[in-house]
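In what follows, a structure is listed as structure tokens, so that the remarks can point back to it.
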Amino acid sequence: MQAVFGTESDALKEEMKRLMEPEGALLRMVFGLFGKKKAAVDVVCPLSGEVQEISRVPDPVFAQKMLGDGFAVVPSGGKVVAPVGGEVVNLFPTKHAVGIRTPDGLEILVHVGIDTVKLGGEGFRALVEQGARVEAGQTLLEVDLAAIADKVPSMVTPVVFTNLGERTWKLTKQGAVTAGDPVATVTQK
Amino acid sequence: MLEKQVTLTNGSGLHARPAALFVQAAARFKETSVKVSKGAKEVDAKSILGIMGLGAKQGDTLTLRADGPQEAEVVGELTALVEGGFGEA
């Protein structure tokens, strides 16, 4: 009985395998297409320092996510790199903030320090111009942290996804980071 | 299509908080396209980076251009925000 069952079971398995196969191929194809559309964007940390929740930023515009969700970095070094590859769509005349748009249309704003707009450019040097195409990890700004840290409420730097829309994101690293380290991923829904 | 000119009255111009309020208001009208221009530069009113990139300051004149089913509502709401100084003291 067991032998018969086994045979039947084997036959059934074979039958199922045969039935499943074309479907499996189709499923793989469909998922392959989805996979392409869902490709996650890797975001690298724009500064070296310590990753923090954006809600801890001492400015309600950022902490309440009025500009969008994201994270913050308490910087330990003044080099600011592009968090993603794309176009520099926004470089403020005061060089304290820079916005990048990926070819997929995801926009990320890196706002170095709080109330730094009031410095009028003091302590900031831009290595790229608005409209430039940049690679993830490419240096965008150099900031003289020591020279300006005492003149603003905080140098904590919010990194904001300003147009997530249907996309989701997650932090992939916490605590101490180096500029250029992968720190988050954004996934198309 | 509906077009209207407004003048920025608030002290900080279209930076951070006012920009966020502006974009949030525009984005509520999903079916209606809204553009804002200052001089020759035109941006999407629903893009934070676009709006902040205008670098619009107190006293600047902006042109709102809406196209879609709720164009009058969106232009009315954005005008009220700008002319009300974004609630800034």
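We use all heavy atoms of the structure for the numbers below, so side chains are in, but hydrogens, waters and symmetry mates are not. Throughout, a chain's letter reflects where its sequence line sits, starting with A, and its residues are numbered from 1.
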Which of B:Gly53, B:Gly55, B:Ala27, B:Ala19 touches chain A most, by non-hydrogen pairs under 4.5 Å: B:Gly53
Side-chain heavy-atom pair A:Thr162, B:Met52 within 4.5 angstrom cut-off: no
Student check: side-chain heavy atoms of A:Leu109 and B:Leu49 closer than 4.5 Å: yes
Side chain, backbone, both or neither of A:Gln130 within contact of chain B (heavy atoms, under 4.5 Å): side chain
Same cluster (ILVMFWY, side-chain, under 4.5 Å), A:Val156 and A:Val51: no
In one Ile/Leu/Val/Met/Phe/Trp/Tyr side-chain cluster, 4.5 Å: A:Val128, A:Val89: no
Gap separating the CD1 atom of B:Ile51 from the CG atom of A:Asn90, nearest 0.5 angstrom: 10.5 Å
A:Val159 reachable from A:Leu164 in the ILVMFWY side-chain graph, under 4.5 Å edges: yes
A:Glu53 atom CD: more than 12 heavy-atom contacts under 6.0 Å: no
A:Lys79 atom NZ, neighbour heavy-atom count above 12 within 6.0 Å: no
A:Glu107 side-chain N/O to B:Ser47 backbone N/O, donor-acceptor pair under 3.5 Å: no
Distance (rounded to the nearest 0.5 Å) between B:Ile48 CD1 and A:Ile108 CD1: 14.5 Å
Heavy-atom neighbours of A:Gln174 CD exceed 12 at 6.0 Å: no
Atom group of A:Val160 that falls short of 4.5 Å from chain B, counting heavy atoms: neither
Closest heavy-atom pair and its distance - B:Arg17, A:Met66: CG-CE, 3.7 Å
Atom NZ of B:Lys41 with >12 non-hydrogen neighbours under 6.0 angstrom: yes
A:Phe62 versus chain B, the contacting section by heavy-atom distance below 4.5 Å: neither
